[in-house]
Each structure stands twice: as structure tokens, then as C-alpha cells.
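Beneath this line is the structure, given in C-alpha cells, with notes to follow.
Indexing begins at 1, ligand by ligand and atom by atom, following the structure's order.
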Amino acid sequence: MTDLKFVPTTCPYCGTGCSFNLVVKDGKVVGTAPAQRSPVNEGKLCPKGMYSFEFINSPDRLTQPMIRKNGELVPVSWDEATTYIAENLKKYKPSERCALSSARVSNEENYVMMKFARGVLKTNHLDHCARLCHSSTVAGLAGSFGSGAMTNSITDISESKCIFIIGSNTFEQHPLIGRREVMAKQNGAKYIYADPRRTHTCGPADLFLQFHSGTDVSLLNGMMQIIIKNGWEDKEFIEKRTKGYEDLKNIVMKDEYSVENVAKVTGLDPKDIETAADWIANSGATALIYSMGITQHTVGVDNVHACANIQLLTGNLGKRGAGVNPLRGQNNVQGACDMGALPVSFTGYQKVTDPASHKKFEDAWKFPDGIAPAENGYEVTIMMNVLTDNPGELKAMYIMGENPLLSDPDINHVKEAFENLEFVVVQDIFYTETCEYADVILPAVCFAERDGTQTNTERRVQRWHKAADGPGETMEDWKIISMVAAKMGYADQFAWNDISEIFDEVAELTPQYHGMSYERLSHADALHWPCKTPEDPGTPILHKEKFLTPDGLGVFLPADWQPPAEVPDAEYPLQFTTGRCLFHWHTGTMTRRSATLDSEVPTGWIEINAEDAKEIGIRDGEMVRAITRRDSLTVTARVTSTIKKGTTFMPFHFIECPANLLTHNALDPVCKIPEFKACAMKVEKISKEA
Ligand SMILES: Nc1nc2c(c(=O)[nH]1)N[C@H]1C(S)=C(S)[C@@H](COP(=O)(O)OP(=O)(O)OC[C@H]3O[C@@H](n4cnc5c(=O)[nH]c(N)nc54)[C@H](O)[C@@H]3O)O[C@H]1N2
Ligand SMILES: Nc1nc2c(c(=O)[nH]1)N[C@H]1C(S)=C(S)[C@@H](COP(=O)(O)OP(=O)(O)OC[C@H]3O[C@@H](n4cnc5c(=O)[nH]c(N)nc54)[C@H](O)[C@@H]3O)O[C@H]1N2
Ligand code: SF4
Ligand SMILES: [Mo]
């Protein structure tokens with residue numbers, strides 16, 4: 001009889017946070033099996049979760065620390081690697097050091113990185129991929145509601161009477177939330193899908209708004225004008241629970257947002273805009289669901305405000321089946337933000353510039369020489385700009401679990417930035433594109449090989465359980481950082497025996513997590529923050545009675561529509577947008593090492609509308625040249641009628657045709673997110689002679 005063990009954990013991919021069991025045989029993870037208990041996924045998984053065990057035993061895993069000596073990476077001991085890092089990091093001033101944390105590791109490990117950056121490196125130049133993802137949400141919803149998190153829970157979506165999805169390809173990117181959207185539809189909900197592409201998520205749609213990339217504010221303002229003109233607004237909700245309604249009317253009632261004008265800007269039929277406005281306002285409970293189509297723009301924060309405004313206007317907040325629901329991306333991106341892996345806050349969004357918070361952390365941590373000053377640090381996108389525009393200001397970077405050389409916009413710019421760094425540490429589970437620039441590479445264990453907690457998109461804090469040992473000399477991320485900290489002279493501040501002690505420290509310092517402990521999390525399946533006392537059952541729905549703003553009111557924050565930073569013109573006539581596919585994950589480090597997933601989608605492509613393709617003279621399957629003002633690349637054309645005419649799309653997973661060679665580094669002025677979702681492009685036929 002073979003001895004099989006089943007170890008419960010959560011999926012290492014998306015922010016849905018599905019649970020399952022890892023199947024362990026002879027100390028090795030060999031499969032996944034359903035865990036029925038979690039209400040999030042009720043035992044079901046999408047292909048990425050199902051095959052998440054495949055990369056774990058890949059022969060490509062990093063297994064030993066390495067130092068670059070005379071240009072060559074040489075395996076060394078942990079002692080040598082950490083001594084070398086400490087000696088080098090000590091050479092630089094605090095303001096010359098920066099760090100990237102990771103949405104792929106646990107809450108505890110993000111906390112340890114945050115403490116390391118602020119207490120050991122003494123810098124606030126700390127950020128992570130949330131910048132590229134939902135920084136618009138964090139900034140935007142903090143203004144509107146006082147909290148940047150999803151307002152309702154995943155299970156709640158199935159109770160909605162109207163599902164309004166804008167800029168989220170839920171079926172491919174959050175499949176087990178997509179299931180809830182389908183359940184709502186089966187229960188009789190109306191289903192509206194707004195996207196430049198007819199993706200799988202459009203399948204059940206009663207109404208498809210196929211509009212131009214980058215025109216979201218115009219569309220939403222236009223809908224709000226229709227709602228107000230028809231008297232469909234929720235007057236009681238506006239009166240009792242909001243402020244700024246006059247400001248909203250001053251903007252959305254302008255002639256610019258008449259349905260005729262909005263139809264022109266968005267490329268939609270006026271009747272469809274009216275129908276959508278009617279359903280959103282009058283269904284009884286509308287859930288607005290959004291993701292990167294809204295956030296990744298130079299007007300990302302305006303887009304998020306517009307989503308909040310329409311839900312405040314129609315009273316679709318603080319009740320079941322409604323809400324503003326930003327679907328968080330990586331498995332633990334919510335947690336990484338909660339833990340303060342951001343340049344502006346400690347845990348629980350306690351601001352670094354607030355003297356009371358600064359003192360609280362300084363006193364609790366007891367670094368003899370203090371912590372980073374009470375001033376905001378650089379965002380990751382700003383770090384890259386500082387590196388290229390002001391060489392010598394930043395000199396050393398410590399990266400845990402990110403791959404900016406493939407995931408940041410305008411790869412040529414990123415390369416230039418990394419060339420200007422003197423010292424780079426990369427801590428990962430695989431050798432990545434970013435490792436090319438590393439002076440030291442540190443091998444970490446992966447999700448299956450560690451304990452910890454993670455916080456999913458609905459603020460649900462869940463446990464991970466270690467199923468197997470990591471290969472070779474791999475170590476837990478928190479242990480690696482603690483070792484480096486000790487070598488730099490701060491052993492006492494990182495002297496935990498067990499990861500649950502780190503969680504206790506987090507709970508002590510973080511109001512939202514204050515009532516949680518490993519003990520409670522092992523009995524309760526999970527807890528939703530805020531959970532303030534040991535008796536507090538947690539909070540699946542936010543803003544029921546009042547918002548988290550200082551006066552408890554929701555705030556209308558209207559803005560005029562502005563086009564993307566770069567719009568199509570005679571030379572670059574197409575609108576280029578980027579995103580993902582079901583089977584691959586970001587820079588592909590894990591999914592491209594999973595035989596099943598990789599065989600489904602072996603390489604990248606560019607989607608191009610059939611009419612555009614005809615004009616250029618290209619056919620489906622042909623290799624074409626895609627060109628922007630940054631660079632160009634060759635890629636297979638996928639000629640289709642599912643994408644809006646004038647628009648092209650590429651996934652960014654593939655190093656052989658990296659979409660980010662073409663994207664640009666234009667940023668939202670408030671949250672500094674790049675405009676991954678819109679820039680100008682031309683596509684050329686590759687002539688036979690060339
Ligand atoms: N399979 C898979 N799942 C993932 C990921 C992955 O890499 N692979 N990544 C995870 C992460 S970190 C994230 S952040 C999420 C992202 O999840 P999503 O945001 O759902 O994914 P994207 O493909 O980036 O973009 C969503 C949609 O935005 C549309 N879009 C493009 N431009 C615009 C626009 O201007 N306005 C509007 N309204 N829509 C537009 C695109 O056509 C696309 O269908 O997915 C998570 N889940
Ligand atoms: N063009 C374009 N670009 C985009 C986007 C887009 O829509 N379009 N989306 C952006 C978004 S939303 C995001 S979130 C970013 C994602 O950008 P990244 O975070 O850079 O992408 P990942 O490939 O997820 O990188 C995570 C790294 O962590 C490593 N890793 C996994 N598990 C562990 C672990 O346990 N420990 C350690 N130490 N490392 C681990 C992986 O091997 C991988 O190298 O990409 C952004 N880039
Ligand atoms: S929906 Fe997300 S969390 Fe669930 S199995 Fe798929 S990738 Fe994993
Ligand atoms: Mo993301």
C-alpha cells in the first residue's frame with residue numbers, strides 16, 4: 001500500500017484563493033485533490049490550480065545560493081552568500097538602497113521584508129507588483145470609501161441581480177469567481193460585459209458593450225447622466241450616506257457626456273448605453289466587477305473613482321449582491337499590501353508619514369539605531385525612472401519573488417535601469433530574466449514547501465500548510481531575510497522560532513488583523529478582515545452602515561474623461577492592449593514549466609481584427625511585425641472578429657515575443673501605475689524576401 005498524504009493549502013496563482021489538498025507520496029508532491037470545505041471554490045479548481053503541482057519538482061528549480069564572480073555565477077554556501085550580501089548592502093546609504101517584495105509569498109514573509117527594508121536597510125523605497133496592478137484601486141477606493149479592498153465577498157456575487165463586468169476577463173483570470181457570475185445569471189441576474197474584446201467571459205452576456213480601450217470614464221459618466229436624467233438615482237442613499245453629489249452632477253451632466261457624444265467616443269450604440277444604465281440602476285442589486293481594464297491606465301484612479309461613483313449614485317453598496325469588486329491579481333497581493341510592502345505605509349495602511357504610526361513601529365521593533373525616516377519612498381515604476389534619469393541615486397536592489405525584466409513596461413527602459421544598479425540580489429524559485437542582472441541569487445522554497453497565511457481578494461485570511469521539503473538547499477523566504485538581517489547586525493529583531501510568532505507580531509501591530517491568530521485560523525476555515533478582537537467573527541461585507549472614511553460618508557469623486565497618453569495616429573494607427581490567457585501566469589516561470597499547461601498554449605500571439613488584417617494583407621497564423629515607438633518584434637497573428645476593429649492584443653507571458661518590449665512607461669500621476677492597456681501600434685506584413 002502506498003502511503004499518500006493529503007495536505008490542505010491554497011492555490012499559488014490568483015487572488016480568488018481557492019483551497020485544495022496537495023497529494024504527497026514518499027515525501028514528494030505528486031498531485032492535487034479537491035478540498036470541499038472552502039466556500040470560495042467548493043472543491044472545484046481551474047486548470048492552473050489543478051496542475052499547480054507540476055512545476056514543484058521541475059529540474060530547473062534553484063537549489064543553491066550563487067554569487068557572480070568575474071561574471072560567472074558560482075554556487076556558494078548560505079553563510080558565504082549572506083555575508084557577501086551584508087557586506088555589500090552596508091556600503092550604501094539608506095537612500096541608495098531599495099527592495100521589491102512579492103505577492104507570491106505569505107503575509108508573514110511580506111511583513112519580514114517590510115521590517116527588513118524599514119529597519120535594516122532604513123529605506124522606504126519598498127514596493128511590489130501591486131503597483132502594476134491595483135495601485136489605482138488602493139488609491140482610488142481609499143478616497144471614495146476609505147478602504148481599497150473588494151466591498152463584497154465572492155459567494156455574495158451569486159446573489160446579485162445584475163452583474164456588470166468592466167475590464168475583467170473573469171473566466172480566464174479568476175475562473176472560480178467567474179463561476180459565481182454564471183450562478184448569478186442562472187438565478188436570473190442580468191449580465192453586462194464591457195470590454196474591447198469578446199472574451200470567454202462574454203459568453204453569458206445579455207448585453208455586450210464592445211468599446212474602445214481607454215474610454216471607460218466617458219462611458220461611466222454617460223451612464224450616470226442617463227440615470228440622473230431619468231430619476232433612477234437612489235435619492236435616500238445619496239442623502240444619507242454620501243457627499244459631493246453636486247460635484248458629480250457638475251461633471252456628468254455636461255453635454256460632453258450626452259449619450260450621443262459618449263457613443264462617438266466609445267464606439268458604442270447609444271441604445272446599449274441606455275439599457276446598461278437602466279439595468280445597473282434598477283435591478284435591485286448590481287455587482288460591479290472590475291480588474292486591469294480599469295486600473296492599468298494613466299487615468300487608472302479616475303477610472304476607479306468612476307466605478308465607485310456609479311455604485312454610490314445607485315445605492316449599490318453595503319448590501320448583498322452589490323458592491324464595487326476589484327478582483328485582486330496574485331494569490332497574496334491583498335496580503336502584501338496589507339503587510340505594508342508599499343512605499344507609503346506600514347501594516348494595515350498605517351502611513352509612514354504619520355508621526356504616531358512611525359513611533360508605534362519604531363517603539364515596537366526596537367532597532368537601536370531607529371528606522372527609515374517618516375517620509376514616503378519610491379514606487380517601483382519611479383525607481384526605474386530614477387535609475388535611468390538620475391544614475392547614482394539608487395545603487396542596490398533586493399528583489400524577492402518578482403521578475404521586472406519581463407513584467408515591467410518598456411523592457412529596454414528596465415534594462416537600462418538595471419544596468420545602472422551596482423548591486424542586485426534576486427531571491428526566487430527559478431532562474432528568471434531578472435537573474436541575468438543579479439550579483440547574488442538565493443533559492444527559496446515554493447508554496448507547497450512552507451507554512452504561512454495569505455489573504456485573498458475578498459480579504460479572507462487562510463492558512464498554508466507545508467506538504468514537502470524544498471529541493472537542495474532552498475529555504476523559506478522569511479528565514480533567508482532574517483539571516484541577512486542577522487549578518488547586518490540585527491539578529492534580535494528577526495529572532496522568530498516559528499512563522500506563527502511572526503503572525504502574532506503582525507496581529508499585535510495591525511488593527512485589521514488584531515483578532516486573528518494561528519489558533520483561530522486552524523478552527524475557523526478563514527477570517528475576513530477587519531477582525532479586531534479575538535471574539536470578532538470578521539467582516540465579509542464592508543460599509544454596511546457607514547464607510548471607512550473619517551466622517552463615514554462615501555465620497556463622489558468625479559473626473560472628466562481624458563484619452564490615453566498615446567493615441568493612434570497616421571503612423572501608428574492601431575490601439576494596442578495587453579493582458580493574459582487562462583493557461584499561463586505572468587512571466588511564465590511556473591506555468592511554462594508545467595507540461596500540461598504549456599502544451600495547451602506553447603507560445604504567444606497577437607490578436608488582430610479581421611478587417612484590419614485584410615487591409616494590411618495578413619492572414620491568420622502568419623508571422624507579422626508588431627511595432628510601437630519603443631521597439632518591434634515578430635509574432636504570430638491571430639486574426640479574429642472577437643476584437644474591436646482598430647485594436648490589437650497580446651498576452652505578456654512569453655519571452656520569445658515579450659509584449660512589454662512594446663508597451664510604454666506612461667504613468668498615472670497619482671498612483672504611478674503604467675498604461676499597460678493602451679498605446680499606439682502598427683502591424684506590418686513580413687515580406688517574403690526579408
Ligand atoms: N490565467 C491567469 N490568471 C491570472 C493572471 C495570469 O497571469 N494568468 N494574473 C493575475 C493577476 S496578477 C491579475 S492583476 C489579474 C488580471 O485579470 P484581468 O484584469 O481580468 O486580466 P487582463 O487580461 O489583464 O485584462 C482584462 C481585460 O481588460 C480588457 N481591456 C483592455 N483594455 C481595456 C480598457 O481600456 N477598458 C476596459 N474596460 N477593458 C479593457 C482586456 O481586453 C481584457 O479582457 O489576473 C490574475 N489571474
Ligand atoms: N504588458 C503587461 N504587463 C503587465 C501586466 C499587464 O496586464 N500587461 N500586468 C501587471 C501585473 S497586474 C502584475 S501583478 C505583474 C506581475 O509581475 P511579476 O510579479 O514580476 O510576475 P511573476 O511572473 O508573477 O513573478 C513572480 C516571481 O516570483 C517567483 N516566485 C514564485 N513563488 C515564489 C516564492 O515562494 N518565493 C520567491 N522568492 N519567489 C517566488 C516566480 O518564479 C517569479 O519569478 O505584471 C504586470 N505586467
Ligand atoms: S481560480 Fe485562481 S485560485 Fe482558483 S484554482 Fe484557478 S488560479 Fe487557483
Ligand atoms: Mo496583477
task: State whether the number of non-hydrogen atoms from other residues, nucleotides or ligands found under 6.0 Å of Tyr51 atom OH is greater than 12.
output: no
message: One residue to check: Asp428. Relative to ligand 2, which of side chain, backbone, both or neither has a non-hydrogen atom less than 4.0 Å away?
response: both
- request: Start with the C-alpha distance between Thr587 and Thr589, add both sets of side-chain angles, then the distance that settles side-chain hydrogen bond (donor to acceptor under 3.5 Å, both in side chains), and finish with yes or no.
  value: CA-CA 6 Å; Thr587 68; Thr589 62; 4.6 Å; no
task: Looking only at protein heavy atoms, identify the closest one to atom 44 (O) of ligand 1 and say how far it is in Å.
output: Asp195 OD2, 2.8 Å
message: Side chain, backbone, both or neither: which applies to Ala659 and ligand 2 if a contact is any heavy-atom pair less than 4.0 Å apart?
response: neither
task: Looking only at protein heavy atoms, identify the closest one to atom 25 (O) of ligand 2 and say how far it is in Å.
output: Asn403 N, 3.9 Å
- prompt: Side chain, backbone, both or neither: which part of Thr199 comes within less than 4.0 Å of ligand 1 when only heavy atoms are counted?
  reply: side chain
field: Nearest neighbour in protein (non-hydrogen) for atom 11 (C) of ligand 1
entry: Gly329 CA, 3.2 Å
- line: Residue, atom and distance of the protein heavy atom nearest atom 35 (O) of ligand 1 read Gly214 N, 2.7 Å
field: His128 vs Leu100 side-chain heavy atoms within contact, under 4.5 Å
entry: no
- prompt: Relative to the heavy atoms of Thr432, which atoms of ligand 2 are at a distance of less than 4.0 Å?
  reply: 44 (O)
- request: For Lys677, counting its heavy atoms only, list the atoms of ligand 2 lying under 4.0 Å from any of them.
  value: 7 (O)
Those atoms of ligand 2 less than 4.0 Å from some heavy atom in Asn660: 1 (N), 2 (C), 3 (N)
message: Give me the nearest non-hydrogen protein atom to atom 20 (O) of ligand 1 as residue plus atom name, then the distance to 0.1 Å.
response: Asn169 N, 2.8 Å
Proximity flag His128 to ligand 2, non-hydrogen atoms under 4.0 Å: no
field: For atom 34 (C) of ligand 1, closest protein heavy-atom neighbour
entry: Gly293 O, 3.4 Å
query: Closer than 4.0 angstrom: is that true for some heavy atom of Tyr13 and an atom of ligand 1?
result: no
- prompt: What do you reckon, does Pro196 put a non-hydrogen atom under 4.0 Å from ligand 1?
  reply: yes
Heavy-atom gap Leu406 to ligand 2 smaller than 4.0 Å: no
query: Going by the atom numbers of ligand 1, which of them fall below 4.0 Å from some non-hydrogen atom of Leu582?
result: 1 (N)
- prompt: When you measure from atom 26 (C) of ligand 1 to each heavy atom in Cys581, Gly15, Gly167, which option holds the nearest one?
  reply: Gly167
query: Backbone, side chain, both or neither: what part of Arg450 comes under 4.0 angstrom of ligand 2, heavy atoms only?
result: side chain
field: Close-contact set for ligand 2 against Gln296 heavy atoms, below 4.0 Å
entry: 5 (C), 6 (C), 7 (O), 9 (N), 10 (C), 12 (S)
- prompt: So which of Phe583, Trp585, Phe211 gets nearest to atom 5 (C) of ligand 1, if we judge by its closest heavy atom?
  reply: Trp585
field: Which residue and heavy atom of the protein sit nearest atom 36 (N) of ligand 1, plus the separation
entry: Asp216 OD1, 3.0 Å
message: So, regarding Ile166 and ligand 1 (criterion: nitrogen or oxygen to nitrogen or oxygen, under 3.5 Å), is there a contact or not?
response: no
- prompt: Counting from 1, what ligand 2 atoms have a heavy atom of Asp477 closer than 4.0 Å?
  reply: 34 (C), 35 (O), 36 (N), 37 (C), 38 (N)
Polar atom proximity, Thr170 to ligand 1 (N or O, under 3.5 Å): no
query: Mind checking what makes side chain to side chain contact (heavy atoms under 4.5 Å, CB included) contact with Glu449, not counting sequence neighbours?
result: Ile56, Arg61, Val445, Cys446, Pro471
- request: Quick one: look up the protein heavy atom nearest atom 8 (N) of ligand 2 and list residue, atom name and how far away it is.
  value: Thr578 OG1, 2.9 Å
Asp477 CG to Glu109 CD distance, which is reported to the nearest 0.5 Å: 4.5 Å
- line: Near Gln330 (heavy-atom distance under 4.0 Å), the atoms of ligand 1 are 12 (S)
field: Heavy atom of His134, distance to ligand 1 below 4.0 Å
entry: no
- prompt: Nearest to atom 15 (C) of ligand 1, what protein heavy atom do you find, and at what distance?
  reply: His174 CE1, 3.7 Å
query: Is Thr215 in polar range of ligand 1, meaning some N or O pair under 3.5 Å apart?
result: no
message: Given His584, Arg198, Arg580, identify the one with the heavy atom nearest to atom 2 (C) of ligand 1.
response: His584
- request: Would you mind checking which non-hydrogen protein atom is closest to atom 47 (N) of ligand 1, with the distance to 0.1 Å?
  value: Gln173 O, 2.7 Å
message: Please list, in number order, the atoms of ligand 2 under 4.0 Å from a heavy atom of Thr587.
response: 21 (O), 22 (P), 23 (O)
message: Under 4.0 Å, heavy-atom basis, I'd like to know which part of His212 is in contact with ligand 1: side chain, backbone, both or neither.
response: neither
- prompt: Has Lys415 got more than 12 heavy atoms of other residues, nucleotides or ligands less than 6.0 Å from its NZ?
  reply: no
message: Applying a heavy-atom cut-off of 4.0 Å, say which part of Glu172 lies close to ligand 1: side chain, backbone, both or neither.
response: backbone
message: Geometry only, no angles: is Ser213 polar-contacting ligand 1 at N/O separations under 3.5 Å?
response: yes
Within 6.0 angstrom of Arg630 CZ, more than 12 heavy atoms from elsewhere: yes
message: Heavy-atom pairs closer than 4.0 Å: do any link ligand 1 to the side chain of His653, the backbone, both, or neither?
response: side chain
- line: Near Val105 (heavy-atom distance under 4.0 Å), the atoms of ligand 2 are 34 (C), 35 (O), 36 (N)
message: Going by ring pair (Phe, Tyr, Trp, His ring centres under 6.0 Å), His586 matches just one of Tyr13, Phe652, Phe654. Which one?
response: Phe652
- request: Using a strict cut-off of 4.0 Å, indicate which atoms of ligand 1 neighbour a heavy atom of His297.
  value: 34 (C), 35 (O)
message: Heavy-atom count check: over 12 atoms from other residues, nucleotides or ligands less than 6.0 Å from His200 NE2?
response: no
task: Mark up the atoms of ligand 2 that fall under 4.0 Å of a heavy atom belonging to Met292, in ascending order.
output: 12 (S)
task: Determine, using heavy atoms of Met650 and all atoms of ligand 2, whether some pair is separated by less than 4.0 Å.
output: no
Reported SG-to-NE2 distance for the pair Cys129 and His134, which is rounded to 0.5 angstrom: 10.5 Å
query: SG/Cys435 to CD/Gln427 distance, rounded to the nearest 0.5 angstrom?
result: 11.0 Å
- prompt: Any idea which atoms of ligand 1 are less than 4.0 Å away from a heavy-atom of Thr577?
  reply: 31 (C), 32 (N)
Those atoms of ligand 1 less than 4.0 Å from some heavy atom in Cys133: 14 (S)
query: What do we get for Cys14 next to ligand 1 when only non-hydrogen atoms under 4.0 Å count, side chain, backbone, both or neither?
result: side chain
Atom 18 (P) of ligand 2: nearest protein contact (heavy atom, Å): Ser407 OG, 3.6 Å
